[in-house]
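I have placed the structure first, in the form of structure tokens, so that the comments after it can refer back to it.
Nothing here was measured: the structure is a model prediction, and the numbers come from that model.
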Amino acid sequence: MNKREYYTGIDYFRFIAALLIIAIHTSPLGKINDTGNFILTRVVARVAVPFFFMTSGFFMLSRYDYNGARLIKFIKRTAVLYGISILLYMPINIYNGYFKMDHFVPNFIKDILFDGTMYHLWYLPAAIMGGTIALYLVRHFDYKAAFAISGILYFIGLFGDSYYGVSDSLSGIYTYIFQVCDYTRNGIFFAPIFFVLGGFIAENSNKSSMVKNLWGFVISFSLMLFEALTLRSLNVQRHDSMYIFLLPCMYFLFLFILNFKGKCIAWLKNASLIIYIIHPMMIVMVGVFSGISHRWAILSDDFLINFAVVCVWSVSFSIIAVFFLEKIIQKQDKISAYTDRTYIEINLKHLEHNVCELKNAMGPECELMAVVKDEAYGHGGYEISTHLDKIGVRAYAVATIDEGIKLRKYGVRGEILILGYTAVSRANEIKRYNLTQTLISPDYADALNEQGICVKAHIKIDTGMHRLGFDREAVSEVKKCFSMKNIAVTGIFTHLCCSDSNREDDIEFTKGQIKGFYDLLDVLKEAGISLPKIHIQSSYGLLNYPELACDYVRAGVALYGVKSLPEDAQKLPLDLRPVLSLKSRIILIRQVKKGDSVGYGRSYIAEKDSIIAILPVGYGDGIPRSLSNTGAVLINGMTAPIVGRVCMDQLAVDITFIKDAAVGDMATLISNNNDSLCSADVAKKAGSISNELLSRMGARLPVVLHGSI
Ligand SMILES: *Cc1c(COP(=O)(O)O)cnc(C)c1O
């Protein structure tokens, strides 16, 4: 069951919001009931644009976006879209005499920056400005201050919008503002707070009650309705986008929508955007069409029908446009320069699926801690961690502080636990990047505490692996950590060393490890210590001991959908799908005669006349040298054995029987199906385990996304 896979609610509501915006611009109830139309288009539909801003904030805004990389990507995309939209509407602008207006240049600049060259396009520069201001605020202050400042901006905006006429003396000041922009519902006063709100929810909404949020929404919406009708009857509104109760209304609405999870509906997201951009064009076209003949006059005379037709045309156009855009993007993908040699292909759909499978297997109170050490087990640290961040994973484990810092620089939010050793002299960096350090021994804890810099830490308990951690008997040392001035203990954990085995003695040993850990926790509890987050299981811990109900599962290898070895025990029958495949291309085909040797050391001698293909991939790319003369690859659906020694940068395969193989053909070295080239089988052949095979990959190879369009 893929129940918790993606924010499907957001995708659906995007679509609803796009239709609401068409309503704003067509007044469907305009001729039926004035107040009804006001409520629909000036109150209900006013949630649409803030929702779009919040969605952008939710996915994009991160206070760890240190060099603004995420923001810049967002700005670039929005700016390109804005440019295209401006050009798209040029003919209509020309027809309307836009270029003949007085003081053209200052007005044009004003439009580009704030108001848009067409009435709906203000949204795009507002998104750029709002996103930039919001990032500045959350980067340089905490969320409280960011709320306060963007709230003040919003407050200023209110008095230039629906509260305009409340005070005459104020209105005077606003004439200055209105020289620069025509409205206050723009990127400075309106958008920032919704971006901040979206980013805040992304970092802080773990679990929230659907019913509570619905009530919150209903109550704040009612208050907003009351507010809007009152302001309207007082006749003080200059414009009607901004209300005080719009803020709680959006907060609860967004949390409510987040509850709907399921499949990602990417086309719906793009279609909504296209509807937004093109609907004014459709309004014009419906108008032109209805003017052609009296028989069609009803299309523009009846507002409700007009609204419906504009909706149908806009939606139809957007679906066709999405279809063609996807085609174009796919074509571009094929000729990407990254795939000409050897590359890692990542299937993010499989990653999402695995996240969902693991979450469903965990208790409802347990959170997934994605282990992304060593470039996410060779899958590409950037691609994996930013995607996990996007789909809502809020806990990560890395091996080193530098991996943690890198994650933060990608903008990854949530907890980041460093599992390994960090020099205590780097305590300032642990703090600056909001990382959590593992306390590996009592001496280490003392030394870290003495740095005088307060950092978050998890205590590691050694229950039998004898690698890192406090002895489980060292009760007083563990207790002492909880009272250290500069260490905030936020977690305590242990690591199982044979949870992947179903041998009786191994199971006994594991149970002993688990018991030892819980005994220690009991002692701490008795001493009046309130326990921090606890965690025990890694991938196999979850698969074979699913009954343990902890606060985190630290999943690595299972997250990437593979087993360490094919024969590993797995009690829980999860459907995990490999995320990575390793692909290369034939660059050269040559004939060898019977008795010829291939490669270094002449370790392979052809038994007959053969055809050999050279692949540009070797141990420098992560293919173990131990696969020399034993491994195989897949070419055009057929198996080609590796012949001769694997070199640093090349290897040779025998393709004598693959008659249609040609230069440029793809060869799969590790497949993302559970077949004979799955990483566990390849690793076993090489005398290792998936974990090693995968993590050695990627230093030189480009990572290409599959199925992300
Ligand atoms: C690497 C690591 C994990 C992840 O292990 P998998 O078997 O890949 O899930 C969990 N905990 C610790 C301490 C680790 O070092």
Side-chain angles (χ1 to χ4, degrees), residues 1-14 51 54-65 70 74 138 143 195-210 213 251-266 268-269 346-372 376 379 381-398 407-408 410-417 434 533 535 542 551-556 558-561 579 705 708:
M1 290 294 282
N2 288 354
K3 273 221 233 80
R4 292 193 280 180
E5 205 174 345
Y6 210 81
Y7 301 108
T8 317
I10 291 186
D11 287 343
Y12 279 117
F13 201 82
R14 274 186 166 125
F51 172 77
M54 281 178 78
T55 303
S56 300
F58 183 78
F59 287 118
M60 179 274 294
L61 197 68
S62 162
R63 62 196 158 106
Y64 305 111
D65 189 3
R70 280 186 178 213
F74 172 76
V138 298
Y143 263 103
F195 272 88
V196 172
L197 205 52
F200 175 78
I201 289 175
E203 274 198 56
N204 295 289
S205 77
N206 273 337
K207 281 175 194 80
S208 60
S209 145
M210 197 155 167
N213 293 327
Y251 177 72
F252 290 115
L253 176 64
F254 202 87
L255 285 179
F256 178 70
I257 290 170
L258 280 187
N259 281 298
F260 298 91
K261 294 194 175 177
K263 282 204 156 35
C264 163
I265 316 177
L268 205 54
K269 163 185 159 190
I346 297 296
N347 189 326
L348 293 177
K349 289 272 176 316
H350 285 190
L351 181 69
E352 281 172 26
H353 171 87
N354 297 340
V355 166
C356 170
E357 279 285 304
L358 292 171
K359 279 189 177 177
N360 285 342
M362 293 161 15
E365 300 305 319
C366 182
E367 208 183 322
L368 174 69
M369 181 182 276
V371 182
V372 292
H379 288 58
Y382 175 78
E383 287 78 6
I384 298 292
S385 57
T386 53
H387 194 72
L388 290 173
D389 178 83
K390 192 171 144 195
I391 63 173
V393 173
R394 290 289 178 269
Y396 297 84
V398 293
L407 240 51
R408 287 300 190 215
Y410 299 152
V412 166
R413 300 164 284 190
E415 286 297 318
I416 298 180
L417 174 63
N434 191 15
K533 304 246 180 186
H535 45 116
L542 176 69
D551 293 308
Y552 291 117
V553 165
R554 305 183 303 270
L559 183 64
Y560 307 107
V579 174
L705 301 183
S708 63

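- Checked for salt-bridge contact, R63 and E203 meet the test: a charged N lies under 4.0 Å from a carboxylate O.
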Should L348 and L705 be marked as a side chain to side chain contact (heavy atoms under 4.5 Å, CB included) after you check the CA-CA gap, both sets of side-chain angles, and the distance that decides it?
CA-CA 7 Å; L348 293 177; L705 301 183; 4.0 Å; yes
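- By the side chain to side chain contact (heavy atoms under 4.5 Å, CB included) test, A202 pairs with F58, R394, R413, sequence neighbours left out.
- Considering only residues two or more places apart in sequence or on other chains, Y410 meets the side chain to side chain contact (heavy atoms under 4.5 Å, CB included) condition with Y382, S385, T386, K406, L407, V412.
- At least one side-chain heavy atom of I384 sits under 4.5 Å from a side-chain heavy atom of Y560.
- Within 6.0 Å of CZ on F252 lie more than 12 heavy atoms contributed by other residues, nucleotides or ligands.
- Put simply, the side chain of H535 does not reach to within 4.5 Å of the side chain of D551, judged on heavy atoms.
- Atom CE of M369 sits about 7.5 Å away from atom CZ of R554, to the nearest 0.5 Å.
- Among all heavy-atom pairs drawn from N434 and R408, the shortest one is O-NH2, 2.7 Å.
- Between F195 and F74, the ring planes lie perpendicular to each other; the angle is over 60°, past the 30° to 60° tilted range.
- A distance-only check finds a donor-acceptor pair linking the side chain of H379 to the backbone of A376 [under 3.5 Å].
- Nearest heavy atom pair, residue F59 against residue K390, reads CE2-O, 3.5 Å.
- A pairwise comparison of heavy atoms in M54 and I201 identifies CE-CD1, 3.8 Å as the closest pair.
- R14 CZ to T55 OG1: the interatomic distance, rounded to the nearest 0.5 Å, is 5.5 Å.
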Mind running side chain to side chain contact (heavy atoms under 4.5 Å, CB included) on F51 and I257 for me, showing each step along the way?
CA-CA 10 Å; F51 172 77; I257 290 170; 3.8 Å; yes
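- Using a 4.5 Å cut-off on side-chain heavy atoms (C-beta onward), L368 and L559 make contact.
- Nearest approach of A555 to L358, heavy atoms of both residues: CB-CD1, 4.0 Å.
- Under the 4.5 Å side-chain criterion, counting only non-hydrogen atoms from C-beta, N213 is not in contact with F254.
- Scanning both residues, V196 and L61, for their nearest heavy atoms gives CA-CD2, 4.0 Å.
- Under the 3.5 Å distance criterion, the side-chain polar atoms of Y396 are matched with a main-chain donor or acceptor of D389.
- Other residues, nucleotides and ligands contribute over 12 non-hydrogen atoms within 6.0 Å of the OH atom of Y143.
- Under the side chain to side chain contact (heavy atoms under 4.5 Å, CB included) criterion, F260 pairs with M210, F256, not counting sequence neighbours.
- Residues G556 and V371 approach most closely at CA-CB, 3.8 Å, considering heavy atoms.
- Considering OG1 of T8 and CG of L258, their distance stands at 11.0 Å, rounded to 0.5 Å.
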